[in-house]
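What follows is a single structure, written as structure tokens, with notes after it.
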Amino acid sequence: MDIALFGNPNTGKTSLFNHITGSYEYVGNWSGVTVEKKVGRIKQTNRSLIDLPGVYSLNPLSKDERVASLALLENEAEQILNIVNADQLERSLYLTTELMETGRPLVVVLNMVDLAKRHRVTINLERLSNRLGVKVFTTVARKGDGCQDLIDFLKNEPTNHPSSFSLNYGEVIESAIREMESVMAQKGDTPRRWMLVQYLNDNGMICDLLDEKFPELRGIRQKADEVLRETTGKRIDDVIYETKMAYIRDVIADTCVLTKEKEVFKFTAFIDRIVTHRILGIPIFLLLLFLVFQLTFDWLGTPMSDLLDQWLSGPVTDGIQKALDAMGAVPLIKAVILNGIIAGVGGVLVFVPQIFILFFFISLLEDSGYMARVAVVMDRLMEFIGLNGKAFIPLVIGFGCNVPAVMAARTIEQPKERLLTILITPFMSCSARLSVYALFVAAFFERHQALIVLSLYVLGIVVAILIAKLFSFFLKNEKSYFIMDLPPYNVPQLKSLLRSTWDKGKGFVRKAGTFIFGGTVFIWVLSYFGPSGMDVPIDKSFMAIVSSVFAPLFAPLGFASWQAVSALITGFLAKEVVVSTMNVLYFVPKGVTLSGLLPHYFSPLAAYSFLVFVLLYTPCLSTVAAIKKETGSSKIALFSIAYSFIAAYIIAYVVYILGRWIF
Amino acid sequence: MKLSEVKINEKLRIEDFGDMDSQMRRRLKEMGVFEGKSVKVVRYCPLGGPCLLECEGQLFGIRKKDTLCIKGELV
């Protein structure tokens, strides 16, 4: 029996999921962290728990909310675990009533009881459980309190009784429901009351589903709506809402005591006064980003990367070389391993510390609740370019990796804003590109590393904004709206931070073993063989011949060397491969680092122009695949490849020309 | 009185959502903001940006144009 986890956004659904299932899932403190449903195994049992995106009701506005409603329609959610925010009982119970109407076995988990206590709310659990007719548990999911009781219950009671719950919506609606039921029954369908209530409540998804099969229902709804408007002056959906709210208020009055009017927590109000300040809001965000980059590069990341590099190029390379000699490996194998794999994959692995540090801080910002504030602070700017503040969140996630960022765009309600967000997300400088920057800033801009890198990130944002503004002229205009829930700030838990850092960063390590490994061997083979056989001088290799054809194209941008062009071609696999390729092709002699060698091939200005090109050109293969999957259109995926290449070319050209003119 | 005219730290009891977009209104209802509830203005973002509101200890942000639709009385 599968159990599905339903709840409002920001109620700690994913934290609860992580505590009661063995696996770890990614948690964040803003709406829309769970963009796809995830399945885990409940501890000490063999039952599955499905984690669904947070919803306020079963009536979806955005694509991720549809996932939750679909789980009910397609009977994936046989049983329901409904997580309820004990501190916002009234609005949380709205979803509960909708879920109870489905008649499926349901267990309520009152989460955040600690916050409720701080607001001086006392809840009589036994009474609440009696009134709702379901079992009620209390938890503080962030800390794991109460989770064991819940596991024990789920373990020992595999069959809960279906709840029988039904609200009376008044004669007009009830008779409309009866009429609809008989229409459906005549056509041999078993009507489900909850679906009809949703239908009357104008749930777009259910309307589409039922209208197709039973065109008669539309007329029944319209008639009921007219009668209600005439007799009470209210719309059907308002009557349904008010009936539910009246029930909820009655339950709350019966089970809760509120001793004092609720206020925003002092700590949250204090932080908000600073970070959403009228004038300082945006500068504070930029300053935080700058601090994160300082930590990632200058203060923590670079020293750690250097240590790792010394270890890899010293003891590890020597050890493997000795081992290969001892085994009597043929020169070809030795060359593949030492000059291909170790140089290429190792060249990327040295950036693991920096990438993990960056992911750690992105997780920290997400988990604390700050991201939701950023969305509000940025909304005005985003509205100007035809987007809304919510689109800013996928863009920030894009700093980590563009693939989840493209997926996170699902939380955006309007299709046009969603498409625009998906198209501009690849301009957000992801961690893979970071390895290229790290290599080049160490070689060319040693004294201003963080500043140069920040300039690239900002350039990515600026280009994204300009392109969005440009595209928004061509896309059909839709009504745009924005509403953002701001959860109280959390003091992030180190354990959960480390886990979500690992969750984000492990993809990078995995890529090192797959794409980067494969790409490196491929490049090495092309550079080792040439028309005249194997072990040719590298500039007579196939790689050099092929890349030289394209090289002149890049002369106006300042870098026409065939090695740089090869790196760009193979960088399409994954942008880290740019670094691997350079490590292989520039054939770094012992005792010299690649960053020591690069200044022989690039001028500092050409290096910057190269970085600008790497930042903006064609998204990597995985991102293109994600774009195709999310938009369901190969055309859009191809378009994103083409337009970003053109944009990169033009902008790198402008940077190079301007630079030459200034310096 | 319109919500957009309410000063910071003042509270408005909502009477009417005017001609607010129906989906926007639905989402506000689902978040527990409906006729009869009081909302406090916490902050107006600059350059006509969103307005931060508080309703029963819950913070949320909506756009300025939507605050023009919400009408009610000062509490």
Side-chain angles (χ1 to χ4, degrees), chain A residues 8-9 55-57 59 61 85 87-92 94-95 115 119 121 201-202 204 235 237-238 241-242 245 248 258 261-265 268-269 272-273 276-279 281-282 372-373 375-381 383-384 388-389 413-414 479-488, chain B residues 3-4 6-71 74-75:
Chain A
N8 289 173
V55 289
Y56 295 100
S57 71
N59 192 350
L61 276 184
N85 182 346
D87 191 40
Q88 293 291 337
L89 212 48
E90 191 180 86
R91 81 171 207 201
S92 298
Y94 183 73
L95 177 65
L115 295 189
H119 268 143
V121 182
N201 200 19
D202 210 13
R235 295 155 31 147
D237 49 325
D238 281 337
Y241 179 79
E242 282 166 17
M245 272 339 237
I248 292 166
L258 182 72
E261 198 185 351
K262 267 193 197 163
E263 277 179 352
V264 173
F265 293 116
T268 294
D272 274 344
R273 258 205 298 284
T276 62
H277 188 274
R278 290 180 61 87
I279 296 150
I282 293 176
R373 274 74 184 177
V376 172
V377 169
M378 291 294 175
D379 180 63
R380 186 69 195 99
L381 188 67
E383 192 186 5
F384 172 71
N388 82 39
E413 292 90 352
Q414 300 87 335
K479 249 185 279 173
S480 164
Y481 48 85
F482 173 76
I483 173 162
M484 194 81 203
D485 205 353
L486 304 179
Chain B
L3 179 59
S4 55
V6 176
K7 289 197 192 78
I8 288 173
N9 279 329
E10 283 185 348
K11 266 191 181 180
L12 184 86
R13 189 185 310 105
I14 300 175
E15 284 166 358
D16 185 28
F17 283 92
D19 51 1
M20 184 185 277
D21 177 79
S22 65
Q23 303 217 307
M24 177 76 193
R25 179 162 170 252
R26 198 182 92 210
R27 182 48 40 97
L28 277 173
K29 275 181 3 186
E30 288 167 0
M31 288 173 60
V33 181
F34 49 92
E35 290 90 345
K37 284 274 160 108
S38 298
V39 286
K40 186 165 100 178
V41 174
V42 178
R43 180 166 293 105
Y44 289 107
C45 292
L47 306 169
C51 169
L52 285 189
L53 299 168
E54 182 204 327
C55 181
E56 301 192 338
Q58 172 64 48
L59 278 170
F60 60 97
I62 63 174
R63 280 188 176 158
K64 189 165 181 184
K65 70 173 184 347
D66 293 312
T67 63
L68 289 167
C69 301
I70 300 176
K71 293 178 197 81
L74 282 183
V75 198

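To find a chain, count down the sequence lines: A is the first, B the second, and so on, and within it residues start at 1.
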Applying a strict 4.5 Å limit to non-hydrogen atoms, the region of B:K40 in contact with chain A is neither

If one checks every heavy atom of A:M378 against chain B at 4.5 Å, the contacting part turns out to be neither

Check: Can A:D379 and B:K64 be counted as an ion pair, charged N to O under 4.0 angstrom?
Finding: no

Answer key: most heavy-atom pairs under 4.5 Å with chain A among B:K29, B:Q23, B:M24 is B:K29

Has A:R380 got a side-chain atom pairing as donor or acceptor with B:P50's backbone, closer than 3.5 angstrom? no

State, yes or no, whether a side-chain contact exists between A:T276 and B:R43 at a heavy-atom distance under 4.5 Å.
yes

Practice prompt. Determine, stepwise, if the pair B:R27 / A:E413 fulfils side chain to side chain contact (heavy atoms under 4.5 Å, CB included).
Written response: CA-CA 11 Å; B:R27 182 48 40 97; A:E413 292 90 352; 4.3 Å; yes

Most heavy-atom pairs under 4.5 Å with chain A, out of B:V42, B:L28, B:L52, belong to B:L52

To the nearest 0.5 Å, atom CZ of A:R91 lies from atom NZ of B:K37 at 10.0 Å

Nearest heavy-atom approach of A:Q88 to B:G57 is NE2-C, 3.9 Å

>> Counting only heavy atoms from other residues, nucleotides and ligands, does the tally under 6.0 Å from CD of B:E15 exceed 12?
In response: yes

OG of B:S22 to CG of A:D237, rounded to nearest 0.5 Å, is 8.5 Å

If you tally heavy-atom pairs under 4.5 Å between each of A:D272, A:D87, A:N8 and chain B, the highest tally belongs to A:D272

SG (B:C45) and CG (A:L381) are apart, to the nearest 0.5 Å, by 12.0 Å

Bottom line for B:Y44: the part with an atom under 4.5 Å from chain A's heavy atoms is both

Rounded to the nearest 0.5 angstrom, the OG1-CD distance for A:T268 and B:E54 is 10.5 Å

Turns out that what part of A:S92 lies under 4.5 Å from chain B's heavy atoms comes down to neither

- Between B:R26 and A:N59, is there a donor-acceptor pair closer than 3.5 Å when you use the side chain of the first and the backbone of the second? yes

Ranking A:Y241, A:F265, A:Y94 by heavy-atom pairs under 4.5 Å to chain B gives rank one to A:Y241

From the list B:R63, B:E35, B:E30, the residue making the most non-hydrogen contacts under 4.5 Å with chain A is B:R63

Smallest heavy-atom separation, B:D66 atom then A:F482 atom, equals OD2-O, 4.5 Å

